[in-house]
2 protein chains.
Amino acid sequence: MLDVAALAGVGLATVSRVVNGKTGVSPATAARVQAAIDRLDYRHNVNAATLRRANPKTATIGLVLEDVANPFMSALHRAVEDYARARGVLVFAGSCDEDADRERELISEFRSRRVDGIIVVPAGPDHSYLLAEVRHGTALVFVDRPPRFLDADTVTADDLGGARAAVEHLGRHGHRRIGFLGADVSITTADARLRGYTEGLAALGVEPDPAIVRTGLASIEDAEEAAAAILRDHDPPTALLSAQNYFTVGAVKALRAVGRQREIAVVGYDDFLLADMLEPALTVIAHDPVEIGRAAAELLFRRLDGASPPREHVVLPTRLVERGSGEIRVRR
Amino acid sequence: MLDVAALAGVGLATVSRVVNGKTGVSPATAARVQAAIDRLDYRHNVNAATLRRANPKTATIGLVLEDVANPFMSALHRAVEDYARARGVLVFAGSCDEDADRERELISEFRSRRVDGIIVVPAGPDHSYLLAEVRHGTALVFVDRPPRFLDADTVTADDLGGARAAVEHLGRHGHRRIGFLGADVSITTADARLRGYTEGLAALGVEPDPAIVRTGLASIEDAEEAAAAILRDHDPPTALLSAQNYFTVGAVKALRAVGRQREIAVVGYDDFLLADMLEPALTVIAHDPVEIGRAAAELLFRRLDGASPPREHVVLPTRLVERGSGEIRVRR
DNA sequence: ATGAAAGCGCTAACAT
DNA sequence: ATGTTAGCGCTTTCAT
C-alpha cells in the first residue's frame with residue numbers, strides 16, 4: 001500500500017480511502033491511485049485491515065458439516081454459500097464425520113481465523129464449550145440438529161413428525177411389521193426419528209421389536225448389512241423405514257441382492273437424486289436442504305448485522321413423497 | 001494476549017512462545033501461561049500473527065469449484081479437505097457455475113484473504129490474469145481442465161481417450177448411430193470429450209451427424225430435453241453417449257419417458273451414486289474425483305512446502321465400467 | 001529463560 | 001481534499 005501511495009504521489013490514508021470506496025477523494029486523485037494499484041497489481045490485505053478497523057469483521061464465516069461430500073450436506077452448503085456471497089462473505093467449509101473432536105477442532109480453527117459467524121451441523125454431545133464464544137460475539141447457528149447444553153439459534157426439520165408420518169403411511173398400506181435403520185441415537189436427529197418410528201408404531205397398536213430395529217449405522221455398507229440381517233429374521237418385516245439418505249441406498253441394495261425390492265415396502269428419510277428413477281421408485285420423507293441452509297444463513301446474518309432478537313428455533317416441515325416403494329401393500 | 005501475559009505475570013514474547021509451541025520456555029512458566037490462556041478463554045489470532053511472521057503463511061487455501069453441490073465436485077472437495085486438514089490448513093470453498101466473472105471474483109477474494117494456494121476447476125476462457133499471482137508466490141493448481149494462456153500445474157483425466165473408448169465400446173455392440181450430449185465446447189473438458197466422440201466414430205468409419213449431437217447443455221433438464229429431441233429425429237440413434245454426470249441423469253429420464261431405456265444403449269461420462277441401481281444399470285466412463293482431488297492437493301502442497309519443480313501435468317486414466325446400459329446390442 | 005521494543009499492513013482520528 | 005500519526009495483535013530481533 002505504501003508502494004501504491006508512493007507511485008501515485010499521495011498519502012497512505014488516501015489510498016486507503018480509495019481502496020475502501022470512501023468519499024472525500026477527488027476523482028482525479030482516485031484515478032491516479034487506481035492506476036497505481038493496477039500497475040503494481042496491488043491487492044488489499046483484508047486480514048491486516050480487519051486488525052485495525054473499528055468494526056473488526058473479517059467477512060468470512062465457518063461451516064461445519066458432517067461431510068461436504070454428502071449430497072444433503074453439499075446442497076445445504078451451496079445454499080449457505082449463495083446467501084453469504086451475495087453479501088461479500090467467504091465461507092470456510094469442513095467435515096467432521098460425526099466426530100466431536102473434529103467438530104471442536106474445526107471450530108477452534110475458525111475462531112483463530114476470526115470468522116464472523118459459524119453454522120454447524122453438530123456432532124458432539126455437549127456444546128457448552130461454545131458459551132464463551134457466543135458471549136464473545138460470534139454468531140452461531142445450529143442446523144439439522146439442536147445443540148446440547150447451550151441455547152442458540154437452530155434450524156431443524158420435524159424429524160419426529162416425519163418418521164411418524166412414514167410409519168403411519170406404511171400402516172395404511174397394511175404393514176404392521178416394520179424394520180428400522182438408523183444412525184447412532186446420540187445424534188439428536190437419529191434419536192428423534194427413532195422416537196417418531198416408535199410413536200408411529202404405537203398409533204398402529206404395535207410394540208417395537210428390537211430384532212428388526214438397527215441403530216448405530218454410519219455408512220451405506222453398514223445399512224446394507226443391517227438390512228440384510230433384518231430380512232433374515234425368523235419373522236422378517238414387510239416394510240423398512242430407513243432414517244437417512246445413505247441408509248436408504250443400503251436398504252435398496254440389500255433388497256435387490258435378494259430380489260425382494262418389489263414385495264417389501266421402503267420409505268426413506270431424505271430425498272436424493274435418482275430416488276425417482278429406481279424401480280420401484282422410492283417413497284421418501286423429504287426435507288429441503290436448500291431451504292434449511294437458506295434459513296440458517298438468514299438467522300446468522302441477522303445477528304451479524306447487529307440484531308439481537310431472542311433465540312429462534314425454526315422447525316421446517318417434512319413432506320411425504322409417494323413414488324411407489326412406500327405403497328407396496330403387505331402380502332397376505 | 002496482553003491480558004494473558006499480565007495474568008501469568010510474564011512478558012508478551014513468552015506468551016507468544018508458548019502459543020507457538022516454541023522451545024526456550026521453562027515448563028513452569030509454560031504451565032502458568034497455559035493456565036492464564038484457559039482462564040481467559042484466549043484464542044490466538046492467526047491473522048495478526050501472519051502479518052508479522054517471517055514466513056507469512058495463513059494456513060488457508062482456496063478451492064474454486066463449478067458447484068460445491070455437484071457430487072463429482074463435492075467428492076473432489078472432500079479429498080482436498082482431507083489432505084489440507086492433515087496439514088492444519090483450512091479451506092475456503094466457492095462455486096462459480098461455469099461463470100468466468102465469478103471465477104475471477106472468487107479468486108480475487110481469496111487473494112484478499114492471503115490464501116497460501118488455490119485449487120481451481122477453471123471456468124474462464126483466459127487465465128493469464130493469474131500470471132502476476134503465480135509470480136507473487138501463490139501456489140496454483142488447475143483441476144479437471146487445464147488453464148488457457150497460462151502454464152501451471154494441472155490434474156486432468158483422459159477425457160478424449162475416455163470418450164473415444166466409450167464410442168468404441170458401443171461400436172463393438174453393433175452401434176453406428178450414436179447420439180452425443182455435452183456441455184458448451186468452450187469448456188475444455190467438454191471439447192475433449194466431443195473430440196473423443198468424433199475420433200471414436202471415425203474409427204468406426206462413421207461421419208458424425210449434427211442432428212444427433214447436442215452441446216451447450218448445462219443442467220439435467222437441458223439434457224433431458226436434448227435427448228428427447230434427438231430421439232425424435234427421423235433417423236434416431238441406437239445409442240447415446242452423455243458427457244457428464246447430470247446429462248446422464250437427463251438422458252435416462254428421457255429414455256424412461258418414452259419407455260425405451262432397454263433398447264437404446266447409454267454410456268455416461270462420470271460415475272455416480274446409484275448408477276449401478278438403475279435398470280438397466282448404467283455403463284460409465286469413471287474417473288475418480290477423490291484421486292483427482294488428492295493428486296491436486298499433493299501438487300499444491302509440494303509448492304507450498306517450498307519446492308519449485310517444473311510444472312507438472314498429471315493425466316489420470318479413465319475406466320470403462322460395464323453395467324448393462326452400454327451393452328445393449330443394436331436391434332436389427 | 002525471559003523481556004523490551006520495533007514493525008507487519010492497515011484504519012481512524014486528528015490535522016491541515 | 002489530503003497527509004500525519006497512533007495503534008490493532010502479533011512475531012521477531014536484541015538485550016539481559
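Below, chain A is the first sequence line, B the second, and so on; all start at residue 1. All heavy atoms count here, side chains included; hydrogens, waters and symmetry mates do not.
Checked against ring-ring contact (aromatic ring centres under 6.0 Å, His included), A:His44 has no partners two or more places apart in sequence or in another chain. Under the salt bridge (Lys or Arg N to Asp or Glu O under 4.0 Å) criterion, A:Glu98 pairs with A:Arg145, not counting sequence neighbours. Looking at residues two or more places apart in sequence or on another chain, you find no salt bridge (Lys or Arg N to Asp or Glu O under 4.0 Å) involving B:Arg32. When the side-chain hydrogen bond (donor to acceptor under 3.5 Å, both in side chains) test is applied to B:Arg78, the partners found at least two apart in sequence or on another chain are A:Asp67, A:Asp97, B:Asp82. Every residue meeting the side-chain contact (heavy atoms from CB on, under 4.5 Å) condition with A:Arg311, not counting sequence neighbours, appears here in chain and number order: A:Val134, A:Asp151, A:Asp153, A:Arg303, A:His313. B:Asp99 is linked by a salt bridge (Lys or Arg N to Asp or Glu O under 4.0 Å) to nothing, counting only residues two or more places apart in sequence or in another chain. Under the salt bridge (Lys or Arg N to Asp or Glu O under 4.0 Å) criterion, A:Asp126 pairs with no residue, sequence neighbours left out.
Remark: A:Ala13, A:Ser16, A:Asn20, A:Lys22 in residues 3-22 of chain A come within less than 4.0 Å of DNA chain C through at least one heavy atom. Looking at residues 25-49 of chain A, you'll see A:Val25, A:Ser26, A:Thr29 sit with a heavy atom under 4.0 Å from some atom of DNA chain D.
Close approach of DNA chain C to chain B, defined as any atom under 4.0 Å from a non-hydrogen atom of the protein, starts and stops at C:dA1 to C:dG9.
Distance CG (A:Leu2) to P (D:dT5): 13 Å, rounded to an integer number of Å. Remark: C1' of D:dC8 and CE of B:Met1 are 14 Å apart, rounded to the nearest angstrom. The CZ-C1' distance, from B:Arg52 to D:dG9, rounds to 12 Å in whole Å. Atom pair A:Leu51:CG and D:dA6:C1' shows a separation of 14 Å (rounding to whole Å applied).
A rotation axis mapping the C1' atoms of four pairs onto the next four is fitted at both ends of the helix from C:dA1-D:dT16 to C:dT16-D:dA1 over five pairs, and the angle between these axes is 30° to 10 degrees.
Between A:Arg302 and A:Glu298, none of the side-chain N atoms (NZ, or NE/NH1/NH2) sits under 4.0 Å from a carboxylate O, so this pair counts as no salt bridge.
In this structure, A:Phe72 and A:His287 have parallel ring planes: the angle between them is below the 30° cut-off, well short of the 60° mark. Classified by interplanar angle (parallel below 30°, tilted 30° to 60°, perpendicular above 60°), the ring pair A:His127/A:Phe142 is perpendicular.
Atom CZ of A:Arg87 has more than 12 heavy atoms from other residues, nucleotides or ligands within 6.0 Å.
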Using distance only, find each side-chain donor-acceptor pair of residues 3-24 of chain A under 3.5 Å and give its atom names and separation, not counting sequence neighbours.
unit_1	atom_1	unit_2	atom_2	d
A:Ser16	OG	A:Asn20	ND2	3.4
A:Asn20	ND2	A:Ser16	O	2.8

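In terms of modelled atom types and a separation under 3.5 Å, the side chain of A:Arg53 and the main chain of A:Lys57 share a donor-acceptor contact.
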